[in-house]
Amino acid sequence: PVGKITLDSKVAKIIGLYVYSSKSTSRGLAVIVHQRSEEGARTEPFHNSTNQASIYLYGINDQGQAAEKGRLRFDGKVIGSRRIDNRLYFVSTYLPELNVYAVQQAGMNIEDYINTIPLKALLPKQYTGNISTGLFDARRCTIPNPDSAGKAPSLVSVVSLDLNAPALLQATCLADDVHDIYSSAKSLYLVTRPRYDWEDRSVDTGIYKYTLANKLVEYRGLGEVPGKLIYPYSFSLGERNGVLHTVSVLARSQDELREAPGSQLKHLLTAFSESDSVADKLEIVGQIPNDSRPEKIGKPGENIYSVRFIQDYAYVVTYRQIDPLYIINLKNPQDPYIEGEVELPGFSEYLHPIGEHYVLGIGYSGADRRLKLVLFNVANPDAPFVVQELVMPESRVSSPLFQDHKSMSIVKDGEDAYRFAFPVQYSYQQGQDLLLYSLDLSVDKPIKYDGQIVYQYQQNCFPYQHI
């Protein structure tokens with residue numbers, strides 16, 4: 001290695017790494033971490049929250065040597081982040097941890113005590129050394145209609161940070177139970193946990209939209225997705241020309257997803273746009289299936305296993321006995337439709353675009369869960385076909401790639417050639433190995449297995465989760 005960075009002992013987990021253009025050095029590096037809280041950060045009757053995060057900023061010179069330029073620490077748990085140019089956006093959730101026992105010991109009623117606490121004491125803070133200030137102005141918080149908010153809201157911070165001027169941090173907040181985020185180049189969407197109505201046995205998912213046009217993120221509205229998004233949630237959303245598309249399933253629980261007959265499962269693709277008549281609302285402008293487009297997404301009894309939005313199309317994989325890949329045309333948001341499909345055994349858990357006309361699927365084949373790679377040609381969306389299917393011999397394989405796309409690294413190796421790698425874990429061993437592949441679109445069988453890097457197991461060490 002040409003350089004090394006050692007983080008301090010309070011770091012519990014690295015959750016984000018971003019390289020950016022630094023004004024003072026050739027490159028900058030931002031490291032987002034969760035950490036153990038500083039002693040004395042909160043006083044009784046509040047606990048010291050374990051939900052704190054820091055951003056370490058480094059300058060990297062031409063020799064690869066790093067020097068720390070600064071750091072920020074704040075209350076909350078980061079649930080997602082994105083870098084656009086030299087601006088970092090991150091979203092965190094926070095709830096003050098009241099020491100109920102200490103309040104009761106003092107003979108105080110909990111609700112009465114909370115009403116005596118100044119508002120600023122209940123809000124998350126940012127820290128510079130021993131000095132703390134509020135992370136945001138409470139007047140910039142969005143409090144949605146209680147009928148639209150989750151049953152267990154928390155304070156959600158939406159933060160915009162210039163990586164070359166971190167002191168100029170800008171933030172706003174939202175009160176709801178946000179679980180994940182999706183970001184395009186111009187918009188940020190916050191995804192709530194599924195919200196159940198036990199009386200009419202329905203479920204929906206809230207989507208909050210913010211624009212990223214200015215330094216200050218701006219709240220634009222709330223949309224309600226019918227049903228539950230497909231995990232990972234951020235891949236179930238895609239924005240095209242300001243219109244948000246989602247893929248969801250009308251089911252209440254994982255048991256229902258596994259056990260319901262095909263007639264009880266309904267998969268939906270829904271298009272949302274900002275309402276022209278109602279403030280702060282995302283309204284549905286298109287959805288399939290419908291009366292004029294009755295074709296269903298998936299065969300009877302099939303679940304959705306992966307989704308990917310790429311330019312004008314959504315690619316959706318469903319599975320029960322076979323692996324259908326559906327290609328959904330999104331060019332007219334008022335009239336999306338299934339343009340093509342192709343079937344093969346097994347199913348893909350992850351989809352990755354390759355060039356302009358190919359999609360790579362990675363998943364499983366057979367009941368023994370052998371790893372399968374398949375390359376689809378989607379140049380003609382109404383007639384996609386399988387170029388190659390490669391099934392690995394080992395059974396009982398799993399990979400963090402199916403939960404986190406950052407586990408895969410891919411680089412271009414020529415005009416039509418690529419190299420990629422991702423980690424796997426076998427049922428008969430501990431730790432993870434790194435599988436290496438090459439892909440050449442100019443030959444009949446483009447995918448080639450190049451070998452693996454075998455990692456010597458160390459307890460609680462998974463080295464390839466982000467590569």
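Along the sequence shown, the residues carry numbers beginning at 1. Just so you know, these numbers come straight off a predicted model, no measurement behind them.
Atom CG of Leu435 sits about 10.5 Å away from atom CG of Asp450, to the nearest 0.5 Å. Note that the CG atom of Asp444 and the CD atom of Gln388 stand 9.5 Å from one another [nearest 0.5 Å]. To the nearest 0.5 angstrom, Ser236 atom OG is 11.5 Å from Lys228 atom NZ. Separation of atoms CD1 (Ile79) and CG (Leu190) is listed at 6.0 Å; rounding is to 0.5 Å. Taken to the nearest 0.5 Å, the CE atom of Met392 stands 13.5 Å off from the OH atom of Tyr364. Taken to the nearest 0.5 Å, the OH atom of Tyr315 stands 14.5 Å off from the CD atom of Glu341.
Note: Tyr233 and Tyr231 meet the aromatic proximity criterion, with ring centroids under 6.0 Å apart. Taking the six-membered ring for Trp, Tyr449 and Tyr437 have ring centres closer than 6.0 Å.
Counting only distance, with no hydrogens or angles, the side chain of Arg419 and the backbone of Asp413 share no donor-acceptor pair below 3.5 Å. Of the possible polar contacts, one joining the Tyr182 side chain to the Glu239 backbone as a donor-acceptor pair under 3.5 Å is found. Remark: the backbone N or O of Val217 is not paired with any side-chain donor or acceptor of Tyr89 at under 3.5 angstrom. The main-chain N or O of Ser348 is found under 3.5 Å from a side-chain atom of Ser306 such that the two form a donor-acceptor pair. Ser399 places a side-chain N or O within 3.5 Å of a backbone atom of Leu401 that can act as its donor or acceptor partner. When atom types are taken as modelled, the side chain of Ser365 and the backbone of Lys372 share no donor-acceptor pair closer than 3.5 angstrom. Here the side chain of Ser184 pairs no donor or acceptor atom with the backbone of Arg240 at under 3.5 angstrom. In terms of modelled atom types and a separation under 3.5 Å, the side chain of Tyr326 and the main chain of Gly298 share a donor-acceptor contact. Between the Arg396 side chain and the Asp368 main chain, a donor and an acceptor come within less than 3.5 Å of each other. Side chain of Asn164 to main chain of Ser21: a donor-acceptor pair is present (N/O by atom type, distance under 3.5 Å, no hydrogens or angles).
Nearest heavy atoms, Gln403 versus Pro232: O-CB, 4.3 Å. The shortest non-hydrogen separation linking Pro124 to Leu155 is CD-CD1, 4.1 Å. Across all their heavy atoms, Ala271 and Pro333 have their closest contact at CB-O, 3.6 Å. Here the closest non-hydrogen pair linking Ser234 and Arg82 is CB-NH2, 4.4 Å. Smallest separation of non-hydrogen atoms from Gln287 and Asn290: O-ND2, 2.7 Å.
The ring-ring contact (aromatic ring centres under 6.0 Å, His included) test applied to His357 returns no partner, not counting sequence neighbours. Judged as a salt bridge (charged side-chain N to carboxylate O under 4.0 Å, His left out), and not counting sequence neighbours, the contacts of Arg193 are Asp177.
Relative orientation of the Phe74 and Phe90 rings is parallel, given thresholds of 30° and 60° on the angle between their planes. Classified by interplanar angle (parallel below 30°, tilted 30° to 60°, perpendicular above 60°), the ring pair Phe422/Phe420 is parallel. Aromatic ring orientation, Tyr350 versus His352: tilted (interplanar angle from 30° to 60°).
Of the charged side-chain nitrogens involved, none lies within less than 4.0 Å of a carboxylate oxygen, so that Asp404 and Lys406 do not count as a salt-bridged pair. The pair Arg293-Glu295 does not meet the salt-bridge criterion, since no charged nitrogen lies less than 4.0 angstrom from a carboxylate oxygen. Taking 4.0 Å as the cut-off between side-chain N and carboxylate O, Lys331 and Glu339 do not count as a salt-bridged pair. Classification of Lys209 and Glu274 as a salt-bridged pair holds, one side-chain N sitting under 4.0 Å from a carboxylate O.
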Check your understanding: So Lys448 and Asp440, salt bridge (charged side-chain N to carboxylate O under 4.0 Å, His left out) or not? Walk me through it.
Key -> CA-CA 8 Å; Lys448 178 186 174 185; Asp440 187 348; over 6 Å; no

Point to revise | Test log, rule salt bridge (charged side-chain N to carboxylate O under 4.0 Å, His left out), inputs Asp85 and Arg87 | key: CA-CA 6 Å; Asp85 297 325; Arg87 185 162 290 275; over 6 Å; no

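No donor-acceptor contact under 3.5 angstrom links the side chains of Tyr219 and Asp280, judged on distance only. Using modelled atom types and a 3.5 Å distance limit, the side chains of Gln425 and Ser398 yield no donor-acceptor pair. The closest side-chain donor-acceptor pair between Ser160 and Gln170, if any, does not fall under 3.5 angstrom.
Within a 6.0 Å radius of NZ in Lys69, more than 12 heavy atoms belonging to other residues, nucleotides or ligands are found. Heavy-atom neighbours of Gln311 CD from other residues, nucleotides or ligands within 6.0 Å: at or below the threshold of 12.
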